Trainee: 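Pasting a structure here, questions to come.
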Amino acid sequence: MKLNKLFLLAGIATLGFAMSACSDDDDYTPGAPVSGDCPALSFVAEETGKSVELDPADPTEVTFTVTREKGDAAASYKLTQLSNTDGIFEVPATVEFAAGEKEATVKATFNKADVGKTYALEVALDDEVINPYKAATKKTFTYKFVRVKWNSLGKGQWINTFLYGTFWAEVEIQQRDDKPAMFRVENIYTDDFVSSAGAAPSGYQPWYVFSVTKTGNVVWDEWFSINTIHPSYGAEVKCYLPSALNASFAGDDAQSKCYTDKEGNILYFNLMPYTYMDGIGGWGLQQYLVAFPGFDLAGKLGI
C-alpha cells in the first residue's frame with residue numbers, strides 16, 4: 001500500500017456525556033439461588049457472535065471453548081442446537097472436560113456449503129449448569145459464515161479528499177465471483193495510519209464492499225469506516241450511505257456513481273457518503289474516489 005501527499009487532521013471541539021441512574025423504586029424480584037455444586041459453565045465471549053466470509057478453499061470447521069469454574073473431576077455436559085441452517089453443521093452432543101481441566105474445546109464441522117449462502121449455528125448450555133447472575137456468563141454460542149470467492153483485478157487508487165487532506169494510495173481491488181456487480185477495496189486507514197495522524201483507531205476492517213446498481217449508482221451497507229475516532233469530539237467518523245442515515249437524504253444516494261468507458265469497463269467510483277458522528281453531527285456529503293486498475297485518476301486530477 002503506497003501513500004502520497006498526506007496531511008494530518010486538526011481537532012475542533014470536545015465531547016461531553018451524560019449519565020442516568022436506575023430509579024430506587026424499580027420493581028425487583030430475586031431469582032432462584034444457584035446450586036452449590038453448579039459447575040458455572042460458559043462459552044468464551046470473544047468467540048461467539050462472529051459472522052465471517054470464507055473462501056471455498058478455506059477449512060470446513062469452527063472450534064469454540066467452554067469454561068467451568070467448579071469441578072475437578074472428568075465430566076460431560078449437554079450441548080443443545082437451537083439453530084443449524086440446512087443441518088450443515090455436525091456438532092457433538094456434549095462437551096467433555098478431562099479431570100482437572102477448566103476449559104474444553106468443541107469442534108463443529110461443515111463439509112458442504114453453497115457459495116453465496118449464509119449458514120448459521122447456535123448452540124446452548126443447559127440452565128442448570130450455568131450461573132445466570134454472573135455478567136460474563138455466555139449461555140449460547142453463535143456463528144455465521146458465507147463462502148465467497150473474490151478475484152483480484154489488480155492495483156487501483158483510493159483518493160482521499162476529506163479530514164486527512166488530499167492524497168492517493170495504491171490499493172487492491174477485487175470482484176466477487178458469483179456476484180460480479182460487487183467489489184471490495186483495500187482499506188488504507190490502518191491503525192498505524194490513524195495513530196500517526198493524531199487520532200485513535202475505531203476498529204480496523206481490511207476491506208470495503210461496494211455494489212454497482214443497474215442504474216450505475218454505487219451503494220454499500222449502511223456506512224463504511226475510516227477507522228477514526230475524532231481526537232476532538234471523541235466519536236467515530238462514519239461514512240453513511242445517505243438514505244441509511246436519514247430517509248430524507250435518499251436523493252443523495254444517486255451522487256455515488258460508477259463511471260465507465262465506451263466498452264463498459266469501469267474507470268472509477270465517485271463515492272459521496274454523508275460523513276457523520278452519531279449523536280454529534282457531521283460534515284455532510286464528502287467525496288472519496290476509487291480508480292480501477294489501469295486508470296490513473298490521481299494523475300488526471302494532478303494529485
Side-chain angles (χ1 to χ4, degrees), residues 1-13 15 50-53 148 150 152-176 182-211 218-242 244-245 255-258 266 268-293 295-299 301 303:
M1 186 185 299
K2 182 175 67 177
L3 301 180
N4 295 267
K5 298 186 179 180
L6 171 63
F7 298 87
L8 306 184
L9 79 161
I12 304 174
L15 172 69
K50 292 182 178 180
S51 183
V52 300
E53 281 189 4
V148 176
W150 292 97
S152 177
L153 299 180
K155 296 291 186 179
Q157 299 170 341
W158 177 275
I159 299 175
N160 183 96
T161 62
F162 170 71
L163 200 65
Y164 290 102
T166 300
F167 69 94
W168 69 271
E170 186 178 75
V171 292
E172 174 82 9
I173 299 178
Q174 300 178 349
Q175 183 177 35
R176 184 160 162 169
M182 292 185 68
F183 301 87
R184 68 178 187 179
V185 180
E186 185 181 5
N187 182 357
I188 69 164
Y189 305 101
T190 63
D191 290 356
D192 286 345
F193 172 94
V194 171
S195 297
S196 68
S202 60
Y204 179 71
Q205 299 294 325
W207 298 98
Y208 296 129
V209 177
F210 302 107
S211 296
V218 181
V219 296
W220 55 93
D221 286 341
E222 192 172 359
W223 57 274
F224 65 83
S225 170
I226 57 173
N227 190 27
T228 300
I229 301 293
H230 198 285
S232 295
Y233 291 96
E236 181 172 7
V237 178
K238 297 181 177 180
C239 298
Y240 277 94
L241 185 68
L245 178 62
Q255 295 199 45
S256 294
K257 298 179 180 180
C258 173
I266 297 176
Y268 68 95
F269 290 165
N270 179 68
L271 305 176
M272 294 294 291
Y274 199 106
T275 309
Y276 192 77
M277 295 177 293
D278 292 344
I280 297 176
W283 298 267
L285 297 176
Q286 297 294 331
Q287 184 182 55
Y288 296 87
L289 297 161
V290 181
F292 273 56
F295 186 65
D296 182 16
L297 181 57
L301 295 175
I303 300 174

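Given the structure is predicted, the values throughout are model-derived calculations rather than measurements.
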Trainee: Hey, are the side chains of V209 and R176 touching, using non-hydrogen atoms and a 4.5 Å cut-off?
Mentor: no
Trainee: Please name the pair of heavy atoms, one in C258 and one in V218, separated by the smallest distance, quoted to 0.1 Å.
Mentor: N-CG2, 3.7 Å
Trainee: State, to 0.1 Å, how close S211 and M182 come at their nearest heavy-atom pair, and which atoms those are.
Mentor: OG-CG, 3.3 Å
Trainee: Do the side chain of W220 and the main chain of P273 share a donor and acceptor less than 3.5 angstrom apart?
Mentor: no
Trainee: If you measure from CG on L241 to OH on Y274, what distance do you get to the nearest 0.5 Å?
Mentor: 13.5 Å
Trainee: Which residue in the set F292, F269, W158, F210 passes side chain to side chain contact (heavy atoms under 4.5 Å, CB included) when paired with I173?
Mentor: F292
Trainee: Is it true that the side chains of Y208 and N187 contain a donor and an acceptor less than 3.5 Å apart?
Mentor: yes
Trainee: Is the closest side-chain heavy-atom distance between F183 and I266 below 4.5 Å?
Mentor: yes
Trainee: Going by the angle between their ring planes, with limits at 30° and 60°, are Y233 and W283 parallel, tilted or perpendicular?
Mentor: perpendicular
Trainee: Compare every heavy atom of T228 with every heavy atom of A199, then report the nearest pair and how far apart it is.
Mentor: CB-CG2, 3.9 Å
Trainee: Please report the C-alpha distance between Y288 and N160 in whole Å, then the side-chain angles of each, then the deciding distance to 0.1 Å, and finally whether the side chain to side chain contact (heavy atoms under 4.5 Å, CB included) criterion is met.
Mentor: CA-CA 5 Å; Y288 296 87; N160 183 96; 3.4 Å; yes
Trainee: Check whether any side-chain heavy atom of Q286 sits under 4.5 Å from a side-chain heavy atom of M272, and report yes or no.
Mentor: no
Trainee: Could you go through the side chain to side chain contact (heavy atoms under 4.5 Å, CB included) check for W207 and E186 one step at a time?
Mentor: CA-CA 5 Å; W207 298 98; E186 185 181 5; 4.1 Å; yes
Trainee: Looking at every heavy atom in both S225 and S202, which two are closest together, and how far apart are they?
Mentor: OG-OG, 3.6 Å
Trainee: Does the pair V194 and Y164 meet the rule for a side chain to side chain contact (heavy atoms under 4.5 Å, CB included), with working shown?
Mentor: CA-CA 9 Å; V194 171; Y164 290 102; 3.7 Å; yes
Trainee: Can you tell me how far apart CG (D221) and OH (Y240) are? Round to the nearest 0.5 Å.
Mentor: 13.0 Å
Trainee: So, N227 side chain and Q205 main chain: donor-acceptor pair closer than 3.5 Å or not?
Mentor: no
Trainee: Using every non-hydrogen atom in the two residues, find where T161 and T166 come nearest and quote the distance to one decimal.
Mentor: CA-OG1, 4.0 Å
Trainee: Verify whether one side chain among E53 and W150 offers a donor that lies under 3.5 Å from an acceptor in the other.
Mentor: yes
Trainee: Test of understanding: with ring pair (Phe, Tyr, Trp, His ring centres under 6.0 Å), list the residues that count as partners of Y276, not counting sequence neighbours.
Mentor: none
Trainee: Could you check whether any side-chain N or O of Q157 sits under 3.5 Å from a backbone N or O of A298, counting only pairs where one atom can act as donor and the other as acceptor?
Mentor: yes
Trainee: Mind checking side chain to side chain donor-acceptor pair (under 3.5 Å) for E222 and listing every partner two or more places apart, or none if nothing turns up?
Mentor: none
Trainee: Once you round to the nearest 0.5 Å, how far does CD of Q287 lie from OG1 of T275?
Mentor: 11.0 Å
Trainee: Going through the distances and angles, do I159 and Y268 end up as a side chain to side chain contact (heavy atoms under 4.5 Å, CB included)?
Mentor: CA-CA 11 Å; I159 299 175; Y268 68 95; over 6 Å; no
Trainee: Looking only at heavy atoms, what is the nearest atom pair of N270 and Q255, with distance?
Mentor: ND2-O, 3.2 Å
Trainee: With sequence neighbours excluded, give me every salt bridge (charged side-chain N to carboxylate O under 4.0 Å, His left out) pair touching residues 225-241.
Mentor: K238-D278
Trainee: Rounded to the nearest 0.5 Å, what's the gap from CH2 on W168 to CG on L289? Could you check?
Mentor: 13.5 Å
